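Below you'll find the structure, written out as C-alpha cells, and then a few comments.
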Amino acid sequence: MIDAIVTPEFAYRMFRDILRVRMVEERLRDLYPEAEMRCPTHFSIGQEAVAVGVCSQLERDEVVTSAHRSHAHYLAKGGDLKSMIAELYGKRTGCASGKGGSMHLIDQAVGFVGAVPIVGSTIAIGTGVAFASVLRGVPKIAVIFFGDAAVETGVFHESMNFAVLHKLPVVMICENNLYSVLSPLSVRQPGGRPISALADGHGIANWRGDGNDLDVVYKLGSKALAHARAGNGPAFLEFETYRWFEHCGPLDDEQLGYRPAGELEAWKARDPVSQYAERLKSREILDETKISIMRTEISDEIDEAVRFAKASPFPSRDELATHLFAP
Amino acid sequence: MTHSTGSSSEGVRSLKYVEALREAQDLSMAGDPTVILMGLGVSDPAAIFGSTRGLFEKYGNRRVIDVPVSENAVTGIAVGAAISGMRPIMTHIRLEFAMLAMDQIVNQAAKWHYMFGGRTSVPLVIRMVVGRGWGQGPQHSQSLQSWFAHVPGLKVVMPATPYDAKGLLISAIEDNNPVISIEHRWLYNTHGAVPEGVYRVPIGPNVRIRSGRDVTVVASSYMTLEAVRAADILRAEGIELDVVDVRTLSPFDDKTVLDSVRSSGRLIVADTGVRSVGFSAEVLARVVESCLGALKKPPIRVTLPDLPTPTTRALANYYYPSHYDIAAAARRLCGHPKKTDRSIEPSDFLDVPDSSFSGPF
C-alpha cells in the first residue's frame with residue numbers, strides 16, 4: 001500500500017482524468033466499426049496512467065509531444081475533446097482541420113505542440129522546443145512521450161546527447177509496452193539491459209517504475225520534473241505498461257499468438273484505472289456513487305463531442321490546397 | 001580567373017558570393033533576435049567556406065551554435081525551435097550531409113503546417129553546398145535540388161549571383177516556411193554588384209539574365225554562369241541567347257521561361273543535377289504543356305550524365321558539361337555549321353574553378 005502521494009483533491013482529479021481517457025478510448029473503439037473514423041487509430045487503452053500521472057503536474061506552457069499513440073497524452077494535457085474526435089472523423093472542425101487524423105493531433109492552446117507517427121521524430125522536435133526556450137532565456141519543460149522501440153532509433157540517441165550536452169529541460173518518457181507492432185523486445189534489444197540504462201550511458205538522470213500505478217507515475221514524474229525544472233538538465237523515465245488491444249485499431253489481437261499465454265490477462269489484472277479506483281475507495285476519496293456520477297458526466301461530455309463530430313462538415317474542395325505554405 | 005556576372009552598377013560595391021551570404025545572415029541576425037545559426041562548424045575558424053565568418057564572435061554561442069554530428073536530430077531540433085518562434089538557419093557544408101536528415105526535412109518540416117491545418121509553422125532555412133572539383137567525388141558533389149523540389153511544402157532556391165545570394169537568403173530567412181537554399185561551391189568566389197543594407201529578392205519570380213532572340217537557355221546556379229559565358233561567346237557568331245536564371249525551383253514560376261520559349265522557339269535547359277527525372281525534365285514538361293507549338297526543334301538538355309561523380313580529374317573532365325556544351329547545343333538548334341568538339345586531355349586541370357581554389361575542399 002503506497003502512502004498518500006497527493007492531496008485527496010488531486011487524487012480525485014487524477015482519477016477523473018484517467019477515467020475520462022479510458023471512457024473516450026472505449027467509446028472510440030465502439031464507434032470505430034461504423035467506419036466513419038477513417039484513419040489509423042492507435043488506442044491508449046491499458047497505458048493511460050503514464051499520460052495522466054505526468055501531465056497532471058504540468059503547467060499550460062510546459063509542452064508535450066508524442067507519437068502515433070497520443071490520445072491519452074493529448075487529453076491528459078487538456079486537449080479539446082470535440083476537436084480531437086472531429087479530427088478522427090476527418091471534419092473541418094478537427095484539431096488539424098481534418099488534414100491530420102489521429103496520428104497528427106495538435107492543441108497549441110494547452111501546449112500539445114503536435115504529434116506525428118514517425119517513431120523518434122518528435123524526440124528531436126521536442127528537444128528543439130526546449131532548446132529554443134533556453135536560448136530565449138526563459139527555460140520551459142518539454143515532455144516527450146514515446147514507446148520502447150523509439151530508443152532503438154538513431155535520432156533518440158542523438159537527441160539525448162544534445163539534451164545532456166546543453167542541459168536542456170527535457171523530460172523523456174518511455175512507455176515500455178513490450179511490443180513494437182507485433183515484434184517483442186527480445187528481437188529488438190538485448191535482454192538484461194533495462195531501457196533506462198541507456199540514459200545512464202548518456203549521463204542522464206533516470207528513473208524506472210510501474211507505469212500502471214498512477215501514484216508511482218506521479219512520484220517518479222515529479223522527481224524527473226523537479227530535476228529538469230531546477231535546471232539540472234534532462235531526465236528520463238521508463239514506465240512498464242501494456243497495450244490491451246491491437247497495435248493499430250480497436251480489435252483484440254490475442255488470436256495472432258504473438259503474446260505469450262496469460263500475459264494479457266495478467267496485465268488486465270493490473271488495470272491502471274480500476275487499480276486506482278480501488279485505492280481511492282479504500283482511502284475514502286471515492287465511492288461507487290461518486291464514480292457513477294463521474295461516469296455519467298463524462299459519458300454526457302463524450303456524447304456531445306461525438307454528436308459535434310458527426311454533425312460537423314467535411315472540409316470543402318477548396319480547402320485541399322490551403323495551408324501548403326504559411327503566409 | 002574569377003567571374004563577374006551582374007552588371008556593375010554605378011557606386012554599388014562588388015562583393016563575393018560567399019561574402020554576400022555572410023552579409024545576409026549578419027543583417028538578418030542583427031535585425032531579428034530570433035534568427036540563429038546551427039550546423040557543423042558554423043562557428044569554427046573555417047566558417048563554412050567563409051560564409052559565417054565573424055558571426056560567432058559577433059553574436060555569441062546562443063545565436064551561432066556548432067552542433068554534434070547528428071544531422072537527423074539537429075534538423076529536428078531546428079524544426080522544434082522553428083515551431084517555437086525561432087528562425088533557425090541550418091547549414092550543411094556538403095549537401096550530402098542533409099541525407100541524414102531526410103525524415104526531418106521531408107516528413108516533418110515540409111508538412112507540419114499543412115497536416116496540422118495551419119496551426120503551426122516551420123520558418124526554417126537549410127543551406128546546403130554543392131561540392132565540385134579537387135576530386136570531391138561521388139559523396140561530396142551531389143546536386144539534389146530536384147529531390148527537394150519534388151516535396152510539396154518545401155521552397156527551393158539556387159542563387160547564381162552574389163546579388164541574388166544575399167537577397168534570396170534574406171527572403172528565405174524572413175519566409176515563414178522551410179526553404180532549402182542550395183549554393184554551388186564554384187560560385188563562392190565569384191563577385192558582382194551587391195548593395196549595402198537589407199534588400200530582398202523575392203522567392204518565386206525567375207529572371208532574364210541575358211536577352212536574345214535566338215535560343216532560350218534555362219539554367220540554375222553554376223550552369224547560369226556557364227550559360228552567360230556561352231552567350232558572350234555566341235554573340236560574336238551572331239547567335240543570341242536568352243538566358244533565364246531559375247533561381248527559385250519550387251514553387252516554380254514558369255512565366256519567364258514560357259515567354260522566352262514562345263519568342264525564340266528553341267530551348268536548352270542547363271541543370272547542375274543529373275539528366276534523368278529531375279528539374280530539367282520539369283522545364284521541358286511545362287513547355288510541352290503550355291507552348292508546344294512554339295518549339296521549332298526538340299529541346300536539348302545540358303546536364304550531368306546519370307552517373308555518380310568520379311573522383312579522378314581525368315574522368316571528372318568528361319563528366320561536367322560547360323559553356324562549350326551549351327554553345328554547341330545552341331549552334332545545333334540554329335543550324336549553324338559545327339565547330340570541332342572541345343578536346344579534353346586527362347591532364348587538363350579542369351577540376352578547379354579558379355587559381356585560388358587549390359583544395360582540399
Side-chain angles (χ1 to χ4, degrees), chain A residues 63 65 87 92 94-101 103-109 113-137 140 142 144 153-163 165-166 168 315 319 321-327, chain B residues 33-36 38 60-63 65-88 100-104 106-124 152-155 175-179 203-204 250-251:
Chain A
V63 307
T65 180
E87 186 59 35
R92 171 197 287 165
C95 59
S97 304
K99 285 176 171 164
M103 298 194 292
H104 308 89
L105 298 181
I106 188 170
D107 192 337
Q108 297 276 45
V113 297
V116 299
I118 306 290
V119 172
S121 295
T122 48
I123 299 177
I125 295 173
T127 301
V129 175
F131 186 53
S133 75
V134 168
L135 295 179
R136 277 196 298 262
K140 281 282 165 195
I144 309 171
T153 64
V155 67
F156 164 75
H157 291 279
E158 293 179 3
S159 301
M160 296 266 274
N161 182 58
F162 193 96
L165 171 67
H166 286 281
L168 297 181
E319 291 176 61
T322 56
H323 302 129
L324 177 63
F325 289 123
Chain B
T34 68
V35 178
I36 58 175
M38 298 173 68
N61 66 1
R62 286 161 91 95
R63 304 281 305 276
I65 302 146
D66 202 345
V67 295
V69 184
S70 306
E71 285 87 348
N72 187 1
V74 170
T75 306
I77 286 161
V79 170
I83 65 171
S84 311
M86 310 290 289
R87 290 183 179 274
L100 280 296
M102 290 304 277
D103 167 65
Q104 293 291 349
V106 172
N107 292 333
Q108 311 309 332
K111 294 177 171 57
W112 272 51
H113 187 69
Y114 184 88
M115 70 190 179
F116 289 119
R119 287 161 181 77
T120 190
S121 61
V122 187
L124 168 64
L154 295 180
K155 298 189 181 182
D175 201 301
N176 291 323
N177 299 284
V179 181
I203 293 175
S250 180

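As a basis for the values below, the full set of heavy atoms in this structure was taken, side chains included, without hydrogen atoms, waters or symmetry mates. Naming convention: chains lettered A, B, ... in sequence-line order (proteins, then strands); numbering from 1 in each chain. Bear in mind the structure is a predicted one, so any value in this text is a computation, not a measurement.
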| What pair of heavy atoms forms the shortest contact from A/L324 to B/G153, and how long is it? | CD1-N, 3.5 Å
| said: Please classify the contact between A/T322 and chain B as side chain, backbone, both or neither, with a heavy-atom cut-off of under 4.5 Å. | reply: backbone
| field | Option in A/G128, A/G114, A/G100 with maximal non-hydrogen atom pairs under 4.5 Å from chain B | value | A/G128
| task | Enter the distance from A/I125:CD1 to B/I83:CD1 here, rounded to the nearest 0.5 Å. | result | 6.5 Å
| Which one of B/D103, B/V69, B/V122 has the most heavy-atom pairs closer than 4.5 Å to chain A? | B/D103
| message | As an exercise: rank A/H157, A/E319, A/E158 by heavy-atom pairs under 4.5 Å with chain B and give me the winner. | response | A/E158
| query | Side chain, backbone, both or neither: which part of A/F325 has a non-hydrogen atom closer than 4.5 Å to chain B? | reply | both
| query | Who wins among B/I36, B/V67, B/I65, B/L100 for the most heavy-atom pairs under 4.5 Å with chain A? | reply | B/I65
| Tell me, side chain or backbone of A/L165 under 4.5 Å from chain B's heavy atoms, or both, or neither? | side chain
| field | Any A/V116 side-chain heavy atom under 4.5 Å of B/N107 side chain | value | no
| Just how far is it from atom CD1 of B/I77 to atom CG of A/L168, taken to the nearest 0.5 Å? | 7.5 Å
| message | Give me the atom names and distance for the closest heavy-atom approach of A/A124 to B/Q104. | response | CB-NE2, 3.8 Å
| field | Student check: side-chain heavy atoms of A/H104 and B/F116 closer than 4.5 Å | value | yes
| message | Taking the side chain as everything from C-beta on, heavy atoms only, tell me whether A/R136 gets closer than 4.5 Å to B/T34. | response | no
| task | Against chain B, work out which of A/P327, A/A132, A/S121 has the most heavy-atom pairs shorter than 4.5 Å and name it. | result | A/S121
| note | Answer key: most heavy-atom pairs under 4.5 Å with chain A among B/K111, B/Q108, B/R63 is B/Q108
| With a 4.5 angstrom heavy-atom cut-off, which part of B/S121 approaches chain A: side chain, backbone, both or neither? | side chain
| field | Contact class of A/A109 relative to chain B, heavy atoms under 4.5 angstrom | value | neither
| query | Roughly how far, to the nearest 0.5 Å, is the SG atom of A/C95 from the CZ atom of B/R119? | reply | 7.0 Å
| query | Say you draw a straight line from CE of B/M115 to NZ of A/K99; how long is it, rounded to the nearest 0.5 Å? | reply | 12.5 Å
| Which atoms of B/P68 approach chain A - backbone, side chain, both or neither, heavy atom under 4.5 Å | side chain
